[in-house]
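Counting starts at 1 for both ligands and their atoms, following the listed order. Keep in mind that what you see is a predicted model, and the values were worked out from it rather than measured.
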Amino acid sequence: MNNLLTRYALPGLVTGLLLTSSLPAWAQQTRQEYLLTTDWKFAKGEQPDAAKPDFKDAKWQTVSVPHDWAIYGPFSPQNDLQTVKIEQNNEKEAKTKAGRTGGLPFIGTGWYRRQLQVPGFGAGKRAVLLFDGAMSDAHVFVNGREMGAWPYGYNSFAVDITEALQPGGNNVLAVRLQNLPEASRWYPGAGLYRNVHLIVTNDVHIPVWGTYLTTPTITADYAKVKLRTTVETPGQAYQPLRLDTEIRDAQGQVVATLSTPLTATDGQEFEQNLVVPKPQVWSPETPVLYAASSKLYAGDQLKDTYETRFGIRSFRFEAGKGFVLNGQPRKFKGVCNHHDLGPLGAAINVAALRRQLVLLKDLGCDAIRTSHNMPAPELVQLCDEMGFLLMVESFDEWKTPKVKNGYSRLFDQWAEKDLVNMVHRDRNHPSVIMWSIGNEVPDQGMPDGGKLARRLQDIVHREDPTRPVTLGMDKFDDALKNNFAAVLDVAGFNYKPHRYPEAQAKLPQGLILGSETASTVSSRGVYKFPVVKAKDKQYPDNQSSSYDLEASNWSQTPDEEFAAQDDLPYTLGEFVWTGFDYLGEPWPYDESWPSHSSYFGILDLAGLPKDRFYLYRARWNATAPTLHLLPHWTWPGREGQTTPVFCYTSYPSAELFVNGQSQGRQTKGPSDQPQTRYRLMWPEVKYQPGSIKVVAYDAQGKAVAEQEVRTAGKPHHIKLVADRTSLTADGQDLAYITARVEDAQGNLCPEATTQLQFSVGGAGRFRAVANGDPTNLQPFHEPRMKAFQGMLVAVVQATDQAGQVQFKASGKGLQGATLRLQATPSPTR
Ligand code: GAL
């Protein structure tokens, strides 16, 4: 939703009535938007008659939305057992898998109910509910009448409830949701996991996603802005309408205005062309935003106001040049992410998303693929504001199933509607530079796969001719043979760096995208010996080694993709699988419970960087140097044994010292071994307690930086580090507090597993905790958890009261720690 003019939380019962002589401010407004966050009632399981207004829900749980009913667990392999053969993973026979979708209880039916009093609603008004996403198969009832339904849980959809709403009275909203077994390949979440908006307008109004803004010409002197605004009028009758639009720059200065009458021949759409002088262009490095504010008049009566945020930027995909943004070629430094937020589950939270983006910025990442579905609108808005390029993806399946009850059931009836909503919602966002119509759809291999791709791509082009369409292909030979790959605007390949030259030679586009790359697995801070490159490697403890040499059988290590990207000028860059670990898909342990979350992330489920973070950072972060050593250096019992040391660095070379003794200098550089090209490695180091230290040299051979890792002593105290010290007292905001178990000298105890307890006092509450261990079955929402490799992250949420928040952590045998945060008043309260 672009319109942020009025946005309030609407309490369940509003007691003020409209009978006063001077109308309250909200009643005079042309449009009100409310977030329906509080006072929801929820019950799991089938609930006969729950749609009826007089149904008694007093015994149901009171929840606030966004809400994920399954994230509270408990984890169990019985929650989502599947006996399947995963063809994409090259499996030859069906096997029983636990935790494939997270081992959490998301399957089944759930109901939400809520009282609705709608201030400002009455004759001549319209009311619409906008669901940012509801998991899944939503049926929406108002006062017992079903007003709309949307099966795909990731899409946004609007339901006009005008006809069912009682003006001035009590109304009851009820939503039924149902998740089928074997409907997903990862944890989907469950329930009203994204925001629900209530929008009240006049009957002459601009509908949901009612503007389409493009910038057809951009020069240093001016940018043309073309704004198409749809208007809905009651009975479609012609009225003398006028639209006044002003464009404001990032400082709020008006830079262009236009007043346009709607003539009878315009139908229901205004077209306005405005000129912004000396535009400031949007890019990941300069995420400058403008806003077009439109006022809709019927005669001289103001009927509606609507705001469209946008950015001014040009881009093209050009054979021989690649992706060119504002005239500058660049390669995507991208990650794929699933939608869950680790310990918060799928329940959307802006602070949690922002933290992810802050971490990705530090990584040097500039692009995100919303695998494999439509993202929360808040993510798209944040990418506009913070500067990320987005590939917005739609589907993981078309007609041919990957899982028994997946999207293939809906495809024929819903694919077009789903694509239209996806494009309409997000097409004004400067961050969005590509649409993806699918991921590894098995239809690639079907005789009419190419036709299907063309049909879906045409739908997207019809709704937005300004952005190219791509798809992540895995069936290389099929996709090339049956014209599937040739149809797409941008040919995206998953895990095929060794075949890019062949694709380039055979395909017409002249460009190749690494749409999904480098499914390397690792557990943060876990190192396995001997250090060898391996595929699908398993260990008895269900962990993977952080030396970053273990990948899935269909994938490569990061360095192999780096080499292809560096050596082949026609490559567009990559989207690594994945930025963050996610719930579900615990490969290579999806048959050996208790693994329930992935090992693919550059950061773990708690958002803590794994070693791999620094391998990518060294390559991607152009503004700050990287120098990182691994493994940790606390190995009692390994004395004298070979313990390889790796250094991930942006510097060209470095010298390693063990207890002051040089182990020689290594230099990155051309090599037919991708690893030695991108990492500095000392494979023969023998472990002795003490320290390892690298000294890094710049291109001129000058020693410029060093890093040291010391052997840790006994666990001694807890150290707390918060990602922020000040919170907004809006009931939503979050601080992420990393707890480290340290020895007396402040070294991380890298194998510590002490259970830590937390308490939160003052203007905050404990929200969740995660330690990044995919095998840990402790619930995320209880204020205790074992440290994993010496660390974990607790999440504290602001209340709606300003004041100090005290966070305390304790653990047996450790000196505890306290941290204070400040919650400051929320500007919207
Ligand atoms: C890909 C797939 C992703 C994920 C990944 C794991 O084939 O597109 O969704 O399953 O493999 O490596």
Side-chain angles (χ1 to χ4, degrees), residues 80 82 84-91 97 99-102 154 182-188 334-340 368-375 391-398 400-403 406-408 436-445 470-476 478-479 491-497 499 513-523 534-538 544 548-558 560-561 574-591 595-602 605 610 612 774:
D80 58 352
Q82 296 188 7
V84 286
K85 175 174 84 170
I86 307 180
E87 284 179 14
Q88 308 93 263
N89 296 3
N90 305 318
E91 293 179 1
K97 301 192 183 279
R100 187 181 183 200
T101 48
Y154 295 104
E182 295 193 39
S184 184
R185 298 191 300 112
W186 57 86
Y187 176 67
V335 295
C336 304
N337 276 338
H338 270 311
H339 67 307
D340 77 61
I368 297 171
R369 171 185 185 220
T370 68
S371 44
H372 302 297
N373 40 257
M374 300 81 178
M391 179 206 295
V392 171
E393 192 154 82
S394 46
F395 307 123
D396 193 47
E397 273 184 19
W398 293 349
T400 314
K402 287 181 185 170
V403 285
Y407 193 77
S408 68
S436 165
I437 51 175
N439 171 60
E440 299 188 353
V441 293
D443 304 77
Q444 284 160 98
T470 190
L471 178 142
M473 292 175 283
D474 62 328
K475 293 181 191 293
F476 187 93
D478 290 345
F493 288 99
N494 293 2
Y495 310 108
K496 300 290 179 291
R499 302 195 72 180
L513 176 66
S515 40
E516 193 176 312
T517 61
S519 267
T520 300
V521 285
S522 61
S523 306
K535 293 277 163 97
D536 301 344
K537 180 81 182 161
Q538 296 189 28
S544 295
D548 299 324
L549 292 171
E550 295 170 5
S552 57
N553 69 71
W554 54 91
S555 176
Q556 302 75 31
T557 53
E560 288 159 76
E561 185 69 35
E574 62 171 320
F575 288 83
V576 178
W577 191 264
T578 47
F580 291 82
D581 275 342
Y582 51 94
L583 295 162
E585 207 176 25
W587 185 270
Y589 298 110
D590 61 355
E591 286 157 26
S595 291
H596 53 64
S597 51
S598 77
Y599 299 75
F600 296 119
I602 293 173
L605 200 71
K610 301 179 186 172
R612 223 168 339 129

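Salt bridge Asp396/Lys402: present, at least one basic N to carboxylate O contact under 4.0 Å. Note on Lys496 versus Asp474: no salt bridge recorded, every NZ/NE/NH1/NH2 to OD/OE distance being 4.0 Å or above.
Asp590 pairs by the salt bridge (Lys or Arg N to Asp or Glu O under 4.0 Å) definition with Lys97, not counting sequence neighbours. Asn90 meets the side chain to side chain donor-acceptor pair (under 3.5 Å) test with Asn553; sequence neighbours excluded. Remark: Tyr599 pairs with Tyr589 by the ring-ring contact (aromatic ring centres under 6.0 Å, His included) rule, at least two apart or across chains.
Contacts of ligand 1 (protein heavy-atom distance under 4.0 Å) are Arg185, His372, Asn439, Glu440, Asn494, Tyr495, Glu516, Ser519, Trp554, Trp577, Glu585, Phe600.
Tested against Ser519 for a side chain to side chain contact (heavy atoms under 4.5 Å, CB included), the candidates Ser555, Ser598, Pro558 yield a single pass: Ser555.
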